[in-house]
Each structure stands twice: as structure tokens, then as C-alpha cells.
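Sequence lines set the chain letters: A, B, ... in the order given, protein chains first and strands last, and positions in each chain run from 1.
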Number of protein chains: 2
Amino acid sequence: MNPAAANIEEAILSAILAGRIDPGTRLGEQKLADLFGVSRTRVREAMMRLETRGVVQVSARRGWYVVEPSAEEAREAFQTRRVIETGLLQAVRGVPPQVLASLKEHVAIEREAIQTGDVSSRACLLGDFHIHLADALGNRLLTEIIRDLTARTTLISMLYQPTEKAEESSHDHEDIVAAMEAGDLALAARLMDEHIGKVEAGLDLTARPDPLAGLRELLSPSTFAGNAPSVPHAHSHPHAHSPSGKPED
Amino acid sequence: MNPAAANIEEAILSAILAGRIDPGTRLGEQKLADLFGVSRTRVREAMMRLETRGVVQVSARRGWYVVEPSAEEAREAFQTRRVIETGLLQAVRGVPPQVLASLKEHVAIEREAIQTGDVSSRACLLGDFHIHLADALGNRLLTEIIRDLTARTTLISMLYQPTEKAEESSHDHEDIVAAMEAGDLALAARLMDEHIGKVEAGLDLTARPDPLAGLRELLSPSTFAGNAPSVPHAHSHPHAHSPSGKPED
DNA sequence: GCTTACAAACTTGTATACAAGACTGTAAGC
DNA sequence: GCTTACAGTCTTGTATACAAGTTTGTAAGC
């Protein structure tokens, strides 16, 4: 794998995991090429790899876009995560002490980030818990799969999650680790199942998948004299800004 | 995704699943381009996607090769399959009758292929069982993951499996389906775990990963007068023939 | 004023040319 | 006879040029 292309791939994926790139963000080849100081060829390579991993999509001759999973795709992603993560906890025989220690430490960091109100890192940390779990209990292959899936569910949360319940999630993580420490992996698996179920249930899958939804509601009851106002009906995020204030141009 | 590139990707992946391409097979860009009637660009695209999926690897300026998983990678692949497939069986609440019917039919086809001695299709069918299961009980995302993993384990079996126990595998499948029919998903999961464990245990992970292993044994004890005989010490399969007799050039 | 047609700019899609490195075969030197 | 150096061939790596399609902005017509 190319170092440069791998960098782009990794950079984009981890930015998504950190919640620093919104779903629907347009990723122009030339812009990325300039940004990373490589040629379009490399960028395309990275994009195609990310497409295979289900993180971006290409719209013919319009550009690459961070995926905006549909409601069904969201359900699939959560079901898949449930299957794999509960499967992992149940397949494992025992949990080594050092794994427990590192997971506990991770939860502690989560809580700290929540208490200090560090919004930007907490989303990243909450997803990271699951990735760490896979890494500690499973293997590299499994970790990679979970990582890609977590990227998806992160994007899904950004699309459909009305209110973020960071505290609750972190508490769930704590309970799961506690069950693991008690040696009750079956309980840990059930808690994990419930945890992922809770996150999924917290979504409003009837909402967002198109950016005009909000507008439609807005002008559906009252105004209907003229037709739709001049709103760009493009692919949701016309100019790809970074929410965390990182300059991208 | 490009139709042409997707074809190449799909063609190679299903050929691997069917056991028609050996691990270590060299896949030259130009050769594939000629074969599929497309340009190298497209072939590269497909190859990079397959690389992301863990099916092929590129060796710098030498070519693309179907992966030859190491012993550790083999263990990872089997562990991952165990986690996911037992997780699936345990996550599912009930098994719809039509799913049961289609699985039973699949097992019947397996047995028939075994009894008629249809070697070429039986390897494919045995792997297909797991893919069908994921498709019937899970979702498309899960199926894709299982498919890629099955491709890996198929290659692993080709590398490390001294004797193929097709009958036993098919019998295992039958037992799993029976447990599902009885509504005992926990039993089904345990049987699946044992089944995958058996396949893994049937491997000789101390053997093959390099094609010279056989030679080394051959000349290590007795002959040591002259040095190594003139054997091409290339990357295992110098001219990529198709075992099932399909013309490739 | 509103719609529609057209043109210009922009973006990806694709092929091709060339560069860089790896392998093989041959010949020279010890 | 054996080793080593070298050249030729083959293969991928990379960039670039151009083709094709999409979007946006503008102006003409109703």
C-alpha cells in the first residue's frame, strides 16, 4: 500500500471517527490532492479504498461524498455491530487483567472528557471504546472490521441522533467492563447488546437522510404561495466546512 | 462503482471462493486487462479494491498476488469467523421457516455434490453455506464481511489443509441446521463454533506458507552434495494455471 | 417577472506515455 | 567450474492530457 495514499485514507477515516467530517461532505479530488501534496491519482486510490470500506461514495462526475447511510443501512450497521461485538464477548474465555486495566482506564478518560465538557474528543472516545475492546480481545482483522463499522455508525449518529447521550453511553461502557471483571462474559454480552440497542433506539430514523427534510416541514403547513425558495438542492453540504474549525481550504 | 472494474473484482473473488485460483497466484495487470478487454487502469482499480478486502496483495513492481495468509493470519481469520458466525446465531431470535427450508436445500445439494464426487463445486458449496446463512439471518453488510472472510479461509485451506473432510463439514452443517430447526440457537452457535474449530484444527499450520518447504524437507536429510537443484525459486506459481482446466491465456 | 435555453466552468473518468525498479539470462573474470 | 557483474526485458508506479458529463450562471423569449 502506498504511504501517501494510506495517509489520506487513514486521515479521512480517523477524522470521520472523531466526528470532524460530516456525512455528505464533498471530498474533491483536486482539493485533497493539493491538501496532501500528492497527485489526483493517489487521491483516487485512497477514495476507492474508502469506498470499498463503505465510508465514501462516488457520484459520477460530481465528486466523492462521505456516505449518508439510509435508515435501512443504519439498521444493518447496528445489527452487524451487535452480532460481532456480542459474539466477541461470548467467544472469549477469560479477560486478561491488563486488558481490564486498559479498558478501565479508557472509561475513566471518557468520564473525564464528559465532565470537562470536551465535546470534540468525547465522540471519538466513545467509539474508541469499542475499537479498543476488539483490539484487546480479538485480533487485528476484527479490529479493522469494527473500526469501519464504527465509522459508519458514527456517521449515522451524526445524521439521525437528535440528542447525544454521552454520559449514558459511558456509563454503559463502565457496566460492561464491570461485568467482564466479574467474569460474567454472558452478562457483558447482554449489556453490550442493550447498549448498542439503546444507541440505535436513540436515533430518529424517520428524519434527516435528506437535507431538505427540515425545509419541507418548515414550509409545508404555512407558506405555499410561491413554490420552493431558491435553495441549493445539491448534495446536502455544498461547501464542506469543518465543524471543529479546522481550516480546510 | 465501475461496471467493468466490479466485474473483475467479482470474477476474481468468486473464482477464489470456488477454489479455482490458488493462493500465491500472480495476477498480472496487463494479462487481466487483455482477458477482460479493459485497460490497466480498470484492472488496477479492481486490484486495489481486492487488496482492501484482504484478498490480493501487491508486491512492488513485481505484480499482484493472491494472498498466502501466514499461520497467524489464518488463526485471526478463523477466530473472526467464529466470533461473527456464533454471534449471528445467538443474536437471532427465531429462524423463519423459509430460511430453514433454503438451508436444508443447500445442505442437500452439498451432500449430492459429495456423493457424485463433484470436487470442483463442493468446495464452493461448503463455503457458500456460511454465506447463505449470513444472508438469510443477517443483512447485506454482514454477508459481505462473511464473504470476504470465507474467501480468506478458503485460501487458507488450500494452503494448509492436508486432507479435505468434505463429508464431515457437510454433516456439521446438517447438525447446525437441525439445531436451528429445533429452535435451539445456543446449540447451533456451539455447533458452529465447534465446526469452525474442527476445520481450523484440521489444518497443518506448521507447513506450507512458503513453496520451498517441501523442497527443504526433501534435501535436508540425505542429499547435500551439490547445492539446490535448479528449481524456479519464484513466487510459488510461476504461470498461474487453472486447476479446473479453464483456459486462461 | 418568470421560464427556458445555452454556454462556460468545473469535476471526474479513462487512457496512455514514460519513469523506476525487479528479475533473468549471458558473458566475463577468477 | 563457479561466481559476479551487467544488460535486456518485463512489470508496476505515477503523472498528465484529454474526454465526457454535471452544475451554475446568464441572457433571451414569452
message = Check this one for me: any side-chain N or O of A:Arg44 less than 4.0 Å away from OP1 or OP2 of D:dT16?
response = no
Counterpart base for D:dG13, defined by Watson-Crick or G-U wobble contacts under 3.5 Å = C:dC18
ask   = Can any side-chain N or O of A:Thr154 pair as donor or acceptor with the backbone N or O of A:Thr150 at less than 3.5 Å?
value = yes
ask   = Rounded to whole angstrom units, what separation is found between the CZ atom of A:Phe36 and the P atom of D:dA15?
value = 15 Å
task = Return the value, rounded to whole Å, for the distance between atom CD of A:Glu45 and atom C1' of D:dG13.
result = 9 Å
inquiry  = Closest approach to the side chain of A:Trp64, judged atom by atom: which nucleotide of D:dT12, C:dG13, D:dA15 is it?
reply    = C:dG13
key: Test side chain to side chain contact (heavy atoms under 4.5 Å, CB included) applied to A:Arg81 and A:Ile196, A:Val199, A:Thr86, the passing residue   = A:Ile196
inquiry  = Does A:Arg40 contact C:dG13 through a side-chain donor or acceptor facing the base, at a distance under 3.5 Å?
reply    = yes
task = Calculate the interatomic distance between B:Glu29 atom CD and C:dA20 atom P; express it in whole Å.
result = 18 Å
task = Take atom CE of B:Met47 and atom P of D:dT11, then tell me their distance rounded to the nearest Å.
result = 15 Å
message = In this structure, how many angstroms lie between the C1' atom of C:dG13 and the CD atom of A:Glu51, rounded?
response = 13 Å
task = Measure the distance from CD on B:Gln30 to P on D:dG13 and round it to the nearest whole Å.
result = 14 Å
ask   = Across the strands shown, which category fits B:Thr41 at heavy-atom distances under 4.0 angstrom: base, sugar-phosphate, nothing?
value = base
request  = Could you let me know what C:dC30 is paired to, Watson-Crick or G-U wobble, both distances under 3.5 Å, or none if it's on its own?
outcome  = D:dG1
task = Find the distance A:Arg42:CZ to C:dT12:P and express it as a whole number of Å.
result = 18 Å
task = Can you tell me the distance, in whole Å, between the CZ atom of B:Arg26 and the C1' atom of D:dT12?
result = 9 Å
ask   = More 5' along DNA chain D: A:Ala60 or B:Leu27, using each one's nearest nucleotide?
value = B:Leu27
Whether A:His106 and A:Phe129 hold their rings parallel, tilted or perpendicular, with breakpoints at 30° and 60° = tilted
task = Would you please confirm or rule out a distance under 4.0 Å between OP1 or OP2 of D:dA20 and any side-chain N or O of A:Arg62?
result = no
Salt-bridge contact A:Glu200-A:Arg82 (side-chain N to carboxylate O under 4.0 Å) = yes
ask   = Do any N or O atoms from the side chain of B:Thr153 and from the backbone of B:Ile156 form a donor-acceptor pair under 3.5 angstrom?
value = no
query = If you check every side-chain atom of B:Arg61, which of C:dA15, C:dA19, C:dT12 has the closest atom?
reply = C:dA19
